[in-house]
**Q** 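Have a look at this one.
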Amino acid sequence: QVQLVESGGGLVQAGGSLRLSCAASGRTFNSAGMGWFRQAPGKEREFVGFIRRNDRYTYYADSVKGRFSISGDNALNTVYLQMRSLKPEDTAVYFCAAGTGVVGTEPAMYEYWGQGTQVTVSS
């Protein structure tokens, strides 16, 4: 079984920064890529960005492009979401997810999910 654990969430003022971490543990697996999603109260889960393991390609939602960046170690056993210039509308529970096949913007492309970490941005 693969476990993903997010950390680094918290309360930050608008304009501030946070770095979230996602650590994978459990049986060895080769993820094709790791994604980040978020879910605000009363809203559907929203794609934030992903990184592919083989070529380190990253892709972001328009709402976070230029402010958020994803990085990770070689095997993507640990992945980071660096968030800058945070806005109140970034407030959500942030989830990391791992996919063993083609990864992209849809939650169904990821087999493993973390429990989420709360990010709250005050105005």
Side-chain angles (χ1 to χ4, degrees):
Q1 187 71 6
V2 174
Q3 291 87 37
L4 302 179
V5 179
E6 303 95 336
S7 60
L11 174 64
V12 64
Q13 288 189 332
S17 299
L18 276 177
R19 189 177 80 157
L20 306 184
S21 299
C22 173
S25 64
R27 69 171 180 87
T28 301
F29 79 112
N30 291 320
S31 65
M34 300 287 287
W36 285 95
F37 291 78
R38 66 187 182 185
Q39 189 166 18
K43 295 188 176 181
E44 293 187 353
R45 192 163 295 192
E46 176 189 23
F47 168 74
V48 174
F50 72 79
I51 182 169
R52 285 197 306 233
R53 184 168 63 92
N54 60 348
D55 58 3
R56 318 302 286 184
Y57 173 78
T58 54
Y59 181 81
Y60 302 94
D62 287 344
S63 58
V64 307
K65 200 171 295 183
R67 300 187 299 120
F68 291 12
S69 62
I70 298 173
S71 62
D73 62 17
N74 286 343
L76 296 187
N77 285 327
T78 302
V79 177
Y80 304 98
L81 178 65
Q82 178 68 53
M83 305 185 293
R84 297 182 176 88
S85 301
L86 283 160
K87 305 174 182 179
E89 51 264 44
D90 294 318
T91 296
V93 177
Y94 283 72
F95 301 88
C96 68
T100 58
V102 175
V103 294
T105 64
E106 296 297 323
M109 302 174 107
Y110 300 84
E111 293 96 326
Y112 304 101
W113 290 81
Q115 82 290 348
T117 185
Q118 176 70 46
V119 171
T120 303
V121 184
S122 63
S123 57

**Q** What is the minimum heavy-atom distance between Met34 and Ala98, and which atoms define it?
**A** SD-CB, 3.4 Å

**Q** For the backbone of Tyr57 and the side chain of Arg52, can you confirm whether one donor and one acceptor N or O come within less than 3.5 Å of each other?
**A** no

**Q** Could you walk me through whether Ser69 and Arg84 pass the side chain to side chain contact (heavy atoms under 4.5 Å, CB included) check?
**A** CA-CA 9 Å; Ser69 62; Arg84 297 182 176 88; 3.8 Å; yes

**Q** Would a distance-only check, ignoring hydrogens and angles, find a side-chain to backbone donor-acceptor pair under 3.5 Å from Arg56 to Gly72?
**A** yes

**Q** So which atom in Leu4 and which in Ala24 form the shortest heavy-atom distance, rounded to 0.1 Å?
**A** CD2-CB, 3.6 Å

**Q** Between Val12 and Met83, is there a side-chain heavy-atom distance shorter than 4.5 Å?
**A** no

**Q** Is Asp62 salt-bridged to Lys65, cutoff N-O under 4.0 Å?
**A** yes

**Q** Does atom OH of Tyr59 have more than 12 heavy-atom neighbours from other groups under 6.0 Å away?
**A** no

**Q** Applying the salt bridge (Lys or Arg N to Asp or Glu O under 4.0 Å) criterion to Arg38, which one of Glu6, Glu89, Glu46 satisfies it?
**A** Glu46

**Q** So Phe37 and Val93, side chain to side chain contact (heavy atoms under 4.5 Å, CB included) or not? Walk me through it.
**A** CA-CA 8 Å; Phe37 291 78; Val93 177; over 6 Å; no

**Q** Should Cys96 and Tyr110 count as side-chain neighbours, where that means a heavy-atom distance under 4.5 Å?
**A** no

**Q** Taking C-beta and beyond as the side chain, do Val121 and Lys87 meet within less than 4.5 Å on heavy atoms?
**A** no

**Q** Could you check whether any side-chain heavy atom of Tyr60 comes within less than 4.5 Å of a side-chain heavy atom of Ile70, counting everything from C-beta outward?
**A** yes

**Q** How many angstroms lie between CG in Leu11 and CD in Gln118, if you round to the nearest 0.5 Å?
**A** 9.5 Å

**Q** Do you know which two heavy atoms are closest between Tyr94 and Leu81, and how far apart they sit?
**A** CD2-CD2, 3.9 Å

